[in-house]
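What follows is one structure encoded as C-alpha cells, with my remarks underneath.
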Amino acid sequence: MRHALEMGCLCLGILCLFYYLGIALYAGITTSFAWVWLSGGAVLLLLQFALRFESVHPHIWLRFLTGAVFALLAAAFVIILVVGSRIVSTMCTVPQENLDYVIVLGAQVRGTSPSLSLKKRLDCAAEYAEENPDTTFILSGGQGSDEDISEAECMAQYLAAAGVSKDRLVMEDASTSTRENLIFSAEIIRALDADKDSLLSDPTADVGAAYAGDMDDGGADAGSDRTDSDRETEENSGIYAAETINVSVGILSNNFHIYRALLLARQIGYTNVSGIPADSVLVMQPHNILRETCAVLVMKCKNLLQKF
C-alpha cells in the first residue's frame, strides 16, 4: 500500500509539473492560475519524499502529518470532482433557439484581434446569428491595460465582418469581470425593452438609437456612470441588480465557463436564461475546468458568508 502511494504521488507530481510546462509554453508563464499545477506537483513530490523518509525513519509525528495531508488531498479531490462534474455537464448544453438576447462574454484581445478563446466564442455567435435572425447580441467586455481596443469593439468588428448586421449588435464596453458583464448587460436589455415599449405606444420613436448599431460612436457604454469604488463594492459584496430580467437571454462563452456564468446570471436576476457553449482549446481544458471549479467554490463561500 505504501509503495503504491509513493508511486502515485511521484507519477502525479511529475504529470502536474509537465502540464505546467505545457501551459507555460502554449499560453505563457503568466497564465492565470497556472501556478496551481506547479504548486500541486511540488506538494505531491514532497509527499512522496516524506513517505519514503518515514518508511526508513519511522516517527509518529511524520506519520500523522503525511496522513493529514492525504486526508486533505482526498477531501479536495472529492469536492473538485463533484463541482467539476456539474461544470462538465453544462459544456454540452444544446442552445435554445430564437432567444430575445444573447450576451457574448468578452475575453482577451491581442492588439486589435481576438484571442483564440474569444474567436471561438465569436464563431459560435456568428453561427447562432445566422440560424436565429431575430436575436439581438450584447457584446460585453471592457478594455484591459494590454489591449488596444475594448473587447466589445473587437467583437463587434469581427461579427460585422462575418456578416452579422450592425443593427443586431450592441456594445457594452465598461465591464471588467463576468459579474459586471451580466449586470451592465442587464441595464442595456432593460433600456432596449423600454424603447420597444415606447415604439408600441409611439411608432415614431427612435428605438435603441443610443445602443443598437451605433458603431461609429463606440456603442453602448452601460455602467459608465459607476465609479471605481462602486464597481469594487459590487464585485466584493455581491450586490446584484435589483430588477429581474424576464425576456429570454442566452449567455455565450467557452463551454467550461457556462456553469458559473449561469449561476451568476440567476443571482443577478435573469429568470429566463440559458447557456450557449462555444468550443475551447483542448490542451487547456483540464486547467480551465479546475480554475472554474475553484472560482465556483469561492463564489459559493462568499455567498454563504454574506448570509451571516
message: Does Ile29 have more than 12 heavy atoms from other residues, nucleotides or ligands lying within 6.0 Å of its CD1?
response: no
Measuring only between side-chain heavy atoms, which start at C-beta, is Asp148 closer than 4.5 Å to Val109? no
Would you say that Arg291 contacts Asn288 through its side chain, given a criterion of any heavy-atom pair below 4.5 Å between the two side chains? yes
Short side-chain donor-acceptor distance under 3.5 Å, Glu180 and Ser175 | no
To the nearest 0.5 Å, atom CZ of Arg52 lies from atom NE2 of His3 at 8.0 Å
Rounding to 0.5 Å, atoms CG (Asn181) and CD (Glu172) come to a distance of 6.0 Å
Rounded to the nearest 0.5 angstrom, the CZ-CD1 distance for Arg121 and Ile276 is 12.5 Å
message: Could you go through Ile189 and Asp100, starting from their C-alpha distance and side-chain angles, then the distance that decides it, and tell me whether this counts as side chain to side chain contact (heavy atoms under 4.5 Å, CB included)?
response: CA-CA 10 Å; Ile189 291 172; Asp100 294 316; over 6 Å; no
Original post:
Taking the side chain as C-beta and beyond, is there a heavy-atom pair between Leu99 and Asn132 under 4.5 Å?
Top reply: no
Within one Ile-Leu-Val-Met-Phe-Trp-Tyr cluster: Leu263 and Tyr270, side-chain cutoff 4.5 Å: yes
Tell me yes or no: between the side chains of Ser248 and Asn272, is some donor less than 3.5 Å from an acceptor? no
### Message
Do Met284 and Phe256 make a side-chain contact, defined as non-hydrogen atoms from C-beta onward lying under 4.5 Å apart?
### Response
no
Residues Met171 and Ala152: closest non-hydrogen pair is SD-O, 3.6 Å
For Gln143 and Ser150, the nearest pair of non-hydrogen atoms, with its separation, is CB-CA, 3.6 Å
Q) Is there a chain of hydrophobic side chains (I, L, V, M, F, W, Y, each step under 4.5 Å between heavy atoms) that links Met299 to Ile87? A) yes
Are more than 12 heavy atoms, taken from residues, nucleotides or ligands other than Leu282, located less than 6.0 Å from that residue's CG atom? no
Discussion item. Between Arg168 (side chain only) and Thr135 (backbone N and O only), is there a donor and an acceptor less than 3.5 Å apart?
Written reply: yes
Leu159 and Leu122 have their tightest heavy-atom pair at CD2-O, 3.5 Å
Practice task
Give the C-alpha distance, both sets of side-chain angles, the deciding distance and a yes or no for side chain to side chain contact (heavy atoms under 4.5 Å, CB included) between Phe49 and Leu10.
Solution key: CA-CA 9 Å; Phe49 175 79; Leu10 179 62; over 6 Å; no
Handout entry: Side-chain heavy-atom pair Leu262, Arg266 within 4.5 angstrom cut-off
Key = yes
Task: Ile289 vs Met91 side-chain heavy atoms within contact, under 4.5 Å - done: yes
When every non-hydrogen atom of Ile103 is compared with those of Ser140, the smallest separation belongs to CG2-CB, 4.2 Å
| query | Under 3.5 Å, is there a donor-acceptor pair between the side chain of Arg260 and the main chain of Thr178? | reply | no
Donor-acceptor pair between Thr271 and Asn246 side chains, under 3.5 angstrom
yes
- Item | Any side-chain heavy-atom pair of Leu192 and Tyr101 under 4.5 Å | yes
> What about Tyr26 and Leu38, same hydrophobic cluster or not, with Ile/Leu/Val/Met/Phe/Trp/Tyr joined at side-chain heavy-atom distances under 4.5 Å?
Replying inline: yes
Spell out, yes or no, whether Leu118 and Val164 are grouped together once hydrophobic residues are joined by side-chain heavy atoms under 4.5 Å, including indirect joins.
-> yes
When rounded to the nearest 0.5 Å, the distance separating NZ of Lys300 from CG of Leu305 is 13.5 Å
Original post:
Going by the angle between their ring planes, with limits at 30° and 60°, are Trp35 and Phe33 parallel, tilted or perpendicular?
Top reply: perpendicular
Just so I know, are the side chains of Asp146 and Gln108 near enough to count as touching, which here means a heavy-atom distance under 4.5 Å? yes
What one should report as the nearest heavy-atom pair of Ala34 and Ile23 is CB-CG2, 4.0 Å
> Between Tyr19 and Trp37, what is the ring plane arrangement, given parallel below 30°, perpendicular above 60°, and tilted in between?
Replying inline: perpendicular
- Item | Trace of the side chain to side chain contact (heavy atoms under 4.5 Å, CB included) decision for Arg86 with Val296 | CA-CA 11 Å; Arg86 296 182 180 181; Val296 169; over 6 Å; no
Between Asn254 and Ser280: side-chain donor-acceptor atoms closer than 3.5 Å: no
Review point. Can you check side chain to side chain contact (heavy atoms under 4.5 Å, CB included) on Glu97 and Glu131, steps first, answer last?
Key: CA-CA 8 Å; Glu97 298 179 353; Glu131 297 174 354; over 6 Å; no
Taken to the nearest 0.5 Å, the spacing of Leu139 CG from Tyr158 OH works out to 13.0 Å
d(Ile14 CD1, Cys9 SG) to nearest 0.5 Å is 11.5 Å
Evaluate whether atom CZ of Phe18 has more than 12 neighbouring non-hydrogen atoms of other residues, nucleotides or ligands under 6.0 angstrom away. no
Tightest non-hydrogen contact, residues Ile258 and Gly275, listed as CG2-CA, 3.9 Å
Test of understanding: clusters of I, L, V, M, F, W, Y form through side-chain heavy atoms closer than 4.5 Å, transitively. Do Leu44 and Val69 belong to the same one?
yes
